[in-house]
Visitor: 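Encoded as structure tokens, here's the structure I'll be asking about.
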Amino acid sequence: MPLFEKFYIRVCETLSMNTNNNWQPATDGTNKKTTRLLAMMAIMIGYVLNPLNGSLAVTSYPILSEHFAVPYAHLSAMVMYFMAATAVGQPLAGGIGDFLGRKTVFILGVVGFTLSSALAGLSDSYAALLFWRVGQATFSGVIMANGMALVAEVAPKEKVTSYVALLNSALVATTVLGFTLGGMILQFFDWPMLFLLNVPLGICALILAFFYIPKGQQQPANFTALSFIGVPVLPLAMALQAIVQGEPYWLDLMLFVIATAAVALAIGRSHSSRQQFRTVANFPFNLGCLLMLTAIALHFAVVFTLPAWSAAALGIESGMMGLYFSLVAGAQVLASPPLGRLLDKHGDRYLRWAALAAVITPLLLFLFCLNGFTLALALALFGIGMAASQLIAQKTSLQASPAESRALAMGLFSSYRSLGGLSGNALAAIVLAGFSTITSEAGNQVFEWGIFLFVVPLTLVLLLLPARLATAKRD
């Protein structure tokens, strides 16, 4: 069959709503493995566009500040609004994916992200750049919510967590690569190339998705008001950004309260929304989401604080700090695959204790026993603790989500993740803003608040989750 004709048939099958015309992988064992590998590659490329774009953009902040004549502090809006738009877009896109088809919506997300990236690179003002960056965040939320749900369809049931672990490793590795790659690009090109780089990656993910991601069985899902549950995060991000910049924030807080009340009222007044909420937001799922929120919040608070704090506390230069940071990311990349296999084979009975120890020990080292060696040890342990906590959270939420609303559930889960990043970044920024210069005491305050606000609930969830899951299985 000519390639163009084959591609045309795949396009028609992808966009078609006729579930009787589903494409399935070939029955030959080798072809199945190849098809599964290429389908995972499509999902993985799409999934890592969000973190890659984030770390690439960070390298350009000083240049953007000078190019657009914007105060450097105001560039934090690119982080705040990016996370908020991701949190808003994921449950909305997940609900649409469950209703229209996850493969179809995944592909539309890739197309939207690719176009937004191209237009961001062509922006001639900071406002335009910020607008298209929000577009990137929104469409990357579409990709991530439906991509995670597609993993459960592509991967063998007994290896789902292992596949998720590979996805996490790719996510972390791509984040680290983005910092290095961004610096190299800026040595030879101007800042627009950082955004235009996403275009060929998006095209590659699009082609692979058309050919190799199975359409899957259409589920009897409804699109309800529950999909709008992430909307209040946007005015919350605006309020936090105003606090960081020392600007009035009461109007943004009022909008947050109004948006929260409106979404709650819409869900409460709709029978299908209430029914879907009871099905999706079951207790194990909520615990998994809360575990992800607290882990990511702690991660963002620590990572935002360490560069300036380590220079004040230990005299570590920024260039050397990059090597120390690689220990966090490297530990996550290396630990995720074996931890995923451990979860698949033996569950989280022992891993939850290891995760807890690997989260608490680094914070104690930061506060009481810090030198160059203990900093390196703390960062490596912290990376392992983050990998273990996030895998437990992802496996719990994925298994607890109903098949007919899995993309919506993963959208909600990813919104918790974005909300965690927003919370951790805001906590660190607000605490550090209270000091005229960054000192060791400033960093210690961030860690102390992080223990109180994030580590305590994270500990409670890890202790409560296994007992509750055991009860659910007996029932």
Side-chain angles (χ1 to χ4, degrees), residues 50 76-98 130-131 133-142 144-145 223-245 247-270 272-281 285-297 300-301 393 397 401 405 407-427 429-430 453-454 457:
N50 183 298
S76 60
M78 294 188 69
V79 178
M80 293 285 195
Y81 297 158
F82 189 87
M83 292 179 181
T86 303
V88 172
Q90 285 175 335
L92 183 60
I96 296 173
D98 287 329
L130 190 59
F131 176 84
R133 181 150 172 81
V134 170
Q136 285 182 307
T138 302
F139 286 112
S140 69
V142 174
M144 296 180 78
F223 181 75
T224 71
L226 186 60
S227 298
F228 294 90
I229 200 168
V231 170
V233 178
L234 186 56
L236 176 61
M238 295 168 63
L240 292 173
Q241 178 64 22
I243 293 172
V244 171
Q245 296 179 192
E247 298 175 353
Y249 55 86
W250 294 109
L251 179 59
D252 297 323
L253 284 179
M254 289 179 61
L255 290 175
F256 168 68
V257 172
I258 292 171
T260 302
V263 172
L265 182 63
I267 294 174
R269 290 175 62 87
S270 169
S272 57
S273 294
R274 294 196 308 271
Q275 187 176 19
Q276 191 176 49
F277 180 81
R278 285 192 295 267
T279 303
V280 172
F285 176 81
N286 286 331
L287 284 179
C289 290
L290 183 59
L291 178 58
M292 176 58 77
L293 186 152
T294 52
I296 291 296
F300 270 71
S397 298
S401 59
S405 300
L408 171 62
M410 289 301 96
L412 292 172
F413 177 83
S414 297
S415 287
Y416 274 89
R417 183 185 188 124
S418 298
L419 186 59
L422 187 68
S423 302
N425 190 77
L427 169 68
I430 291 171
L453 293 177
F454 305 133

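Values below: every heavy atom of this structure, side chains too, minus hydrogens, waters and symmetry copies.
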Visitor: Does any non-hydrogen side-chain atom of Tyr249 lie less than 4.5 Å from one of Met238?
Guide: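 A side-chain contact under 4.5 Å is absent here.
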Visitor: Using 0.5 Å steps for rounding, measure from the CG atom of Leu253 to the CG atom of Leu236.
Guide: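 With rounding to 0.5 Å, CG (Leu253) is 8.0 Å from CG (Leu236).
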Visitor: With Val233, which residues qualify under side-chain contact (heavy atoms from CB on, under 4.5 Å), at least two apart?
Guide: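 Listed in chain order: Ala84, Ala87, Leu419, Leu422.
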Visitor: Compare every heavy atom of Phe285 with every heavy atom of Phe413, then report the nearest pair and how far apart it is.
Guide: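 Nearest pair, atom of Phe413 first, then Phe285: N-CZ, 4.2 Å.
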Visitor: Report, one line per pair, each donor and acceptor closer than 3.5 Å where one atom sits in a side chain of residues 286-293; sequence neighbours left out.
Guide:
from, atom 1, to, atom 2, distance (Å)
Asn286, ND2, Ala281, O, 3.1
Asn286, ND2, Asn282, O, 3.4

Visitor: Would you say that more than 12 heavy atoms from the other residues, nucleotides or ligands in this model lie under 6.0 Å from the CZ of Phe454, or not?
Guide: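 Result for CZ/Phe454: enclosed.
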Visitor: Mind checking side-chain contact (heavy atoms from CB on, under 4.5 Å) for Phe300 and listing every partner two or more places apart, or none if nothing turns up?
Guide: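 Once residues adjacent in sequence are excluded, the partners of Phe300 under the side-chain contact (heavy atoms from CB on, under 4.5 Å) criterion are Met83, Ile296, Asn425.
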Visitor: Roughly how far, to the nearest 0.5 Å, is the CD1 atom of Ile258 from the CG atom of Leu265?
Guide: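 Reported value, rounded in 0.5 Å steps: 13.0 Å.
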